[in-house]
Amino acid sequence: MNESEHKSLDFIRQRVSDDVANGKNDGRVHTRFPPEPNGYLHIGHAKSICLNFGLAEEFGGKCNLRFDDTNPEKEDTEFVDAIREDIRWLGFDWDAEYFASDYFEKLYLWAIDLIKQGKAYVCDQTVEQVREYRGGWDKPGKNSPHRDRTVEENLDLFSRMKDGEFKDGEKTLRAKIDMNSDNMNLRDPAMYRIRHATHHRTGDQWCIYPNYDWAHGQSDSIEGITHSVCTLEFEQHRPLYDWYVGQLEVHHPQQIEFAKLVISNTMMSKRKLTELVAGGFVEGWDDPRMPTISGFRRRGFTPESIRSFTKRVGITKHNSTTDIALMNLCIREHLNRIAPRVTGVLDPLKVVIENYPEGEFEMRTTGVNPEDENAGTREVPFGRELYIERSDFMEDAPKKFFRLTVGGEVRLRNAFFLKCNEVVKDETGEIVELRCTYDPETSGGKAPDGRKVKGTIHWISAVHAIDAEVRLYDVMFENEDPSDVPEGKDWKDLINPNALVVKQNAKVEPILAEASAGAPYQFVRNGYFCVDSKDSQPGKLVFNRTVTLKDAWSKQQKKGGSPK
RNA sequence: UGCCCGAUGGUGUAAUGGCAACACAUCUGGUUUUGGUCCAGACAUUCUAGGUUCGAGUCCUAGUCGGGUAACCA
């Protein structure tokens, strides 16, 4: 990356590029991705991952993975493992892996340094007292009565805090900065709190734990991070970040903030996603409705599509909401290129071709992927009894309906023209079968007499088809902004009940019995699907619809309100 | 109420003082044995008002609107 390639760098890449050009940090670029292991990674994290690892790649630098595990009560190794897996799946590998807890000892020693410098003190105030003394935006703060303890007293107290002599909440270590600052973070922020809790890595070794601000900058510093990228809500923490590393006179990374990802119709709050899992509103963190990396993976999204999405979203400093349609575009674009075409009939309707001999079959040749010449062809059986999609037939069709109607003719994809002669219904009036005839002269898909058909529909040989369950997904929230909850409602009331629709009686091609979990397929005219990695079993196949195809017909139907 | 940050089509971004560009979405039309793909077309005086300048989306000032911010969370 040289200076002449200036164009179109986002503001962070621009800044890093300038720093490299100016020889800052000896031209070194070292970033880190610092998740707290208290939940699974979501698509918002993917943006940060792509940024941090991308920066390292583009500038010939390094990127660490650091687990920000300073709050033992919320964290767990389950999350550590899941985070590693998700990052790898996205296609990134970290140069070094650390935990903030690796630095507990170092941080403790540094805290003692600060106490000795008279820049930190042990405070006995309760949470309520601290809040009261902090003042407000319009009110100056008041000094804690413990602010002027001697160094000796502080050293003694802090050591006893560490030794477990006090109960949770009884004391804190605070930085002595300025109780009058315009920036609330600088009004003597807490550095340590007492928590007699078992940490997922350090066990019961510690009962005092560093707060985020005290841990983060120093962790960055220890690792030689040059650019510490985080989201906008940490903007007003930067002065504190700078104050700590400044007082300690250690390597000083540059914190840079960017706007986090917001996607329409999508819940991005980790806290609320945790609630969905805990409350059983979804199957788990990897439920295909979830905006988690593991949810997208199980749903059939590819790492390429997610990386492409984060690239298109861009990096800026202002809050914006990205249309979920952009995600769909990215995954369709990728799957269109790579997914083999197969037939899956979601709502089967039996078709009997009266002029096709009983018990006879022939093989029809079909292209595997029209977007990929090298994909080759495949043979599929055709016979007297087929299944077609229920929505491909209408008794009273509107003029723009290009599919099968009574007396009308349609093309069976890669096969023949088909005409419907008669509708067979059960006692409830439901259509159970179509009696049809085919035209053997139209084998190539064209009629020798030149007559045309407007529509082409997919079909599957009834005796060859295998059963499958198919799960259709939609946005999890019907409102664009799921955090905008109407009066008297809970945000969970806004969950789209149709976010998951299960088709129990789908018919798919026998070849799909061997499909491996996650491998993408296009069910022609129905969308992109993959075998579910958890629930699918031999003999009881389960497919997830990753995304629909663009569908001009259903769009037109909705608009015109024409009959279904 | 203080402080910090931001503002370019319906949406997301670009333009680094010099012709407002790209993509999505939407709408038209063409191609098509997937109502897919592909192709072509339509869609903005850059929040407002002043200022600096030959020239401002970009720099300055003021305002408006939006976001963040007062855990012993991260």
Side-chain angles (χ1 to χ4, degrees), chain A residues 6-10 14 34-36 38 68-71 73-75 100 123 125-127 130-131 134-141 168-174 181-185 187 189-195 208-209 211-213 215-216 230-239 257 259 264 270-271 311-330 332-333 336-337 341 343 366-367 369-371 400-403 411-415 444-446 453-458 480 522-527 548-557:
Chain A
H6 256 209
K7 351 185 147 118
S8 233
L9 293 183
D10 60 63
Q14 182 62 250
E36 182 187 10
N38 66 346
D68 216 341
D69 57 347
T70 56
N71 187 354
E73 283 158 328
K74 290 191 185 170
E75 297 153 6
C123 182
Q125 287 190 313
T126 62
V127 178
V130 169
R131 189 183 307 128
R134 186 162 31 231
W137 289 320
D138 46 350
K139 285 194 293 279
D168 285 7
E170 230 172 87
K171 287 183 165 35
T172 55
L173 184 73
R174 292 226 255 164
S181 174
D182 285 331
N183 184 339
M184 290 294 163
N185 293 124
R187 319 254 266 221
M191 294 165 62
Y192 277 95
R193 73 283 206 183
I194 300 172
R195 285 286 176 283
I208 56 171
Y209 290 93
N211 287 73
Y212 166 83
D213 291 292
H216 204 92
C230 63
T231 48
L232 242 30
E233 65 265 32
F234 293 101
E235 221 164 5
Q236 37 282 88
H237 289 244
R238 186 170 4 109
E257 312 85 13
S264 66
K270 205 185 202 178
R271 209 201 82 231
K311 198 168 183 177
R312 286 169 199 246
V313 161
I315 302 291
T316 67
K317 264 189 109 159
H318 60 266
N319 305 307
S320 57
T321 301
T322 298
D323 196 327
I324 186 85
L326 190 63
M327 281 224 77
N328 294 337
L329 167 86
C330 291
R332 279 190 196 117
E333 197 177 68
N336 180 46
R337 290 200 314 268
R341 272 57 171 170
T343 300
T366 173
N369 185 349
E371 304 300 311
K400 294 280 212 152
F401 187 77
F402 303 151
R403 308 173 185 183
R411 175 164 41 227
L412 294 174
R413 190 166 186 271
N414 293 310
K446 289 193 170 63
V453 289
K454 198 80 169 139
T456 301
I457 65 173
H458 59 282
E480 254 188 54
Q522 185 192 97
F523 288 10
V524 172
R525 301 208 303 136
N526 272 325
T548 62
L549 259 25
K550 254 213 288 199
D551 187 351
W553 166 241
S554 74
K555 196 176 284 175
Q556 187 183 315
Q557 270 184 311

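By convention in this document, chain letters (A, B, ...) are assigned in the order of the sequence lines, proteins followed by strands, and residues within each chain are numbered from 1. We use all heavy atoms of the structure for the numbers below, so side chains are in, but hydrogens, waters and symmetry mates are not.
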Participant: With a 3.5 Å cut-off and just heavy-atom distances, do the side chain of A:Arg312 and the base of B:U13 make a donor-acceptor pair?
Facilitator: no
Participant: Quick check: any donor-acceptor pair below 3.5 Å linking the side-chain of A:Arg403 to the base of B:G35?
Facilitator: yes
Participant: Assign A:Lys400 to base, sugar-phosphate, or nothing according to its heavy-atom contacts below 4.0 angstrom with the strands shown.
Facilitator: base
Participant: Between B:G57 and B:U13, how far apart are the two C1' atoms, rounded to whole Å?
Facilitator: 14 Å
Participant: With the stacking rule set at 5.5 Å and 30°, tell me whether A:Tyr212 counts as stacking on B:A74.
Facilitator: no
Participant: Using only atom types and a distance under 3.5 Å, with no angle test, would you say the side chain of A:Arg332 pairs donor to acceptor with the backbone of A:Thr548?
Facilitator: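 Side chain of A:Arg332 to backbone of A:Thr548: a pair is present.
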Participant: Which whole number of Å gives the distance between the C1' atom of B:A21 and that of B:C3?
Facilitator: 37 Å
Participant: Look through every strand shown and name the nucleotide pairing with B:A21 as Watson-Crick or G-U wobble, where both distances are under 3.5 Å.
Facilitator: B:U13
Participant: Does a distance-only test, which skips hydrogens and angles, find a donor-acceptor pair under 3.5 Å between the side chain of A:Glu235 and the base of B:G68?
Facilitator: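 Side chain to base: no pair present.
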Participant: Looking at the side chain of A:Asn71, which of B:A74, B:A14, B:U37 is the nearest nucleotide?
Facilitator: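 Of B:A74, B:A14, B:U37, B:A74 is nearest to the side chain of A:Asn71.
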Participant: Looking for any heavy atom pair under 4.0 Å, which part of the strands does A:Thr316 touch: base, sugar-phosphate only, or nothing?
Facilitator: sugar-phosphate
Participant: So, does A:Arg193 get its side chain near the phosphate of B:A74, meaning an N or O under 4.0 Å from OP1 or OP2?
Facilitator: yes
Participant: Strictly below 4.0 Å: does A:Lys555 bring a side-chain N or O up to OP1 or OP2 of B:U26?
Facilitator: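 For A:Lys555, the contact criterion (side-chain N or O under 4.0 Å from OP1 or OP2 of B:U26) is met.
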Participant: Can you tell me the base-pairing partner of B:C59? Count Watson-Crick or G-U wobble geometry only, both distances below 3.5 Å, and say none if there is no partner.
Facilitator: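 Pair assignment: B:C59 / B:G51.
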Participant: B:A20 and B:A14: how far apart are their C1' atoms, nearest whole angstrom?
Facilitator: 9 Å
Participant: Does A:Arg341 have a side-chain nitrogen or oxygen under 4.0 Å from the phosphate oxygens OP1 or OP2 of B:U37?
Facilitator: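 The answer is no; no side-chain N or O of A:Arg341 sits under 4.0 Å from OP1 or OP2.
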Participant: Just name whichever nucleotide pairs with B:A44, Watson-Crick or G-U, keeping both distances under 3.5 Å, else none.
Facilitator: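 Matched B:A44 with nothing under the 3.5 Å cut-off.
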Participant: Need one value for A:Arg413: base, sugar-phosphate or nothing, where a base atom within 4.0 Å counts as base even if backbone is also close, heavy atoms only.
Facilitator: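 Since a base atom lies under 4.0 Å of A:Arg413, the category is base.
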Participant: Answer yes or no: does atom CD of A:Glu233 have more than 12 heavy-atom neighbours from other residues, nucleotides or ligands under 6.0 Å?
Facilitator: yes
Participant: Mind checking A:Thr70 for me? I need base, sugar-phosphate or nothing, with any heavy atom below 4.0 Å counting as a touch.
Facilitator: sugar-phosphate
Participant: Using the rule side-chain hydrogen bond (donor to acceptor under 3.5 Å, both in side chains), only one of A:Glu75, A:Lys270, A:Glu73 pairs with A:Asn38; which is it?
Facilitator: A:Lys270
Participant: Closest approach to the side chain of A:Asn336, judged atom by atom: which nucleotide of B:A74, B:U34, B:U37 is it?
Facilitator: B:U37
Participant: Categorize A:Phe401 for me: base, sugar-phosphate, or nothing, with a 4.0 angstrom heavy-atom threshold over every strand shown.
Facilitator: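 Counting heavy atoms under 4.0 Å across all strands, the contact made by A:Phe401 includes a base.
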Participant: Output yes when A:Lys74 and A:Glu36 qualify as a salt bridge under the 4.0 Å nitrogen-oxygen rule, no when they do not.
Facilitator: no
Participant: On a plain distance test, is the side chain of A:Gln522 in donor-acceptor contact with the base of B:U34 below 3.5 Å?
Facilitator: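 Side chain to base: pair found, below 3.5 Å.
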Participant: B:A71 phosphate, OP1 or OP2: any side-chain N/O from A:Arg134 under 4.0 angstrom?
Facilitator: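 For B:A71, OP1 or OP2 has a side-chain N or O of A:Arg134 closer than 4.0 Å.
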Participant: A:Pro370 has a side chain; which of B:U34, B:U69, B:A74 sits nearest to it?
Facilitator: B:U34
Participant: In whole angstrom, give me the gap between the C1' atoms of B:U46 and B:C59.
Facilitator: 16 Å
Participant: Roughly how many Å apart are B:C47 and B:A15, using the P atom of each and rounding to a whole number?
Facilitator: 16 Å
Participant: Would you call the rings of A:His237 and A:Phe234 parallel, tilted or perpendicular if under 30° counts as parallel and over 60° as perpendicular?
Facilitator: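 Taking A:Phe234 first and then A:His237, their aromatic rings stand perpendicular (interplane angle over 60°).
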Participant: A:Asn211 side chain: which of B:C73, B:G35, B:A70 is closest?
Facilitator: B:C73
Participant: Set out, in order, the CA-CA distance, both residues' side-chain angles and the distance that settles side chain to side chain contact (heavy atoms under 4.5 Å, CB included) for A:Arg525 and A:Thr343, then state yes or no.
Facilitator: CA-CA 9 Å; A:Arg525 301 208 303 136; A:Thr343 300; over 6 Å; no
Participant: Output the single nucleotide from B:A25, B:C5, B:C73 whose closest atom is nearest the side chain of A:Lys74.
Facilitator: B:C73
Participant: Step by step, work out the side chain to side chain contact (heavy atoms under 4.5 Å, CB included) result for A:Arg187 and A:Arg174.
Facilitator: CA-CA 10 Å; A:Arg187 319 254 266 221; A:Arg174 292 226 255 164; over 6 Å; no
Participant: Categorize A:Tyr209 for me: base, sugar-phosphate, or nothing, with a 4.0 angstrom heavy-atom threshold over every strand shown.
Facilitator: nothing
Participant: Using a cut-off of less than 4.0 Å, is there contact between a side-chain N or O of A:His318 and OP1 or OP2 of B:U13?
Facilitator: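 The answer is yes; a side-chain N or O of A:His318 sits under 4.0 Å from OP1 or OP2.
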Participant: Side chain of A:Glu371 only, please: which of B:G36, B:A14, B:C27 is the nearest?
Facilitator: B:G36
Participant: Looking at A:Glu480, is its backbone amide N or carbonyl O close enough to the side chain of A:Ser264 to form a donor-acceptor pair, meaning the two atoms are under 3.5 Å apart?
Facilitator: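 No.
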Participant: Distance between the P atoms of B:U58 and B:U48, in whole angstroms?
Facilitator: 10 Å
Participant: Given B:U26, B:G35, B:C24, which nucleotide is nearest the side-chain atoms of A:Leu329?
Facilitator: B:C24
Participant: Could you check how far NZ of A:Lys550 sits from C1' of B:C38, rounded to whole Å?
Facilitator: 11 Å
Participant: Let me spell it out: for each of A:Gly135 and A:Val524, pick the nucleotide of RNA chain B with the closest heavy atom. Which residue's pick is nearer the 5' end?
Facilitator: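 The 5'-side residue here is A:Val524.
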Participant: Is there a Watson-Crick or G-U wobble partner for B:U64 with both distances under 3.5 Å, and which nucleotide is it?
Facilitator: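 Its partner is B:A7 (Watson-Crick or G-U wobble, both distances under 3.5 Å).
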Participant: Could you pick out which residue, A:Gly455 or A:Asp182, lies toward the 5' side of RNA chain B when each is mapped onto its nearest nucleotide?
Facilitator: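 Result: A:Asp182.
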Participant: Name the closest nucleotide to the A:Thr456 side chain, picking from B:A74, B:U34, B:C72.
Facilitator: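 My answer, after comparing the listed nucleotides, is B:U34.
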Participant: Assign A:Gly314 to base, sugar-phosphate, or nothing according to its heavy-atom contacts below 4.0 angstrom with the strands shown.
Facilitator: nothing
Participant: If we take the P atom in both B:G10 and B:G51, what is their distance in whole Å?
Facilitator: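 Their P atoms lie roughly 29 Å apart.
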Participant: Which of the following nucleotides, B:C72, B:G36, B:A74, is nearest to the side chain of A:Val127?
Facilitator: B:C72
Participant: Can any side-chain N or O of A:Ser181 pair as donor or acceptor with the backbone N or O of A:Asn183 at less than 3.5 Å?
Facilitator: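 Looks like yes, one N/O pair under 3.5 Å.
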Participant: Considering only atom C1', compute the distance from B:A25 to B:A62 and round it to an integer number of Å.
Facilitator: 37 Å
Participant: Side-chain N or O of A:Arg195 less than 4.0 angstrom from OP1 or OP2 on B:C72?
Facilitator: no
Participant: Measuring from the side chain of A:Gln236 (C-beta onward, heavy atoms only), which nucleotide among B:G68, B:A74, B:U34 has the closest atom?
Facilitator: B:G68
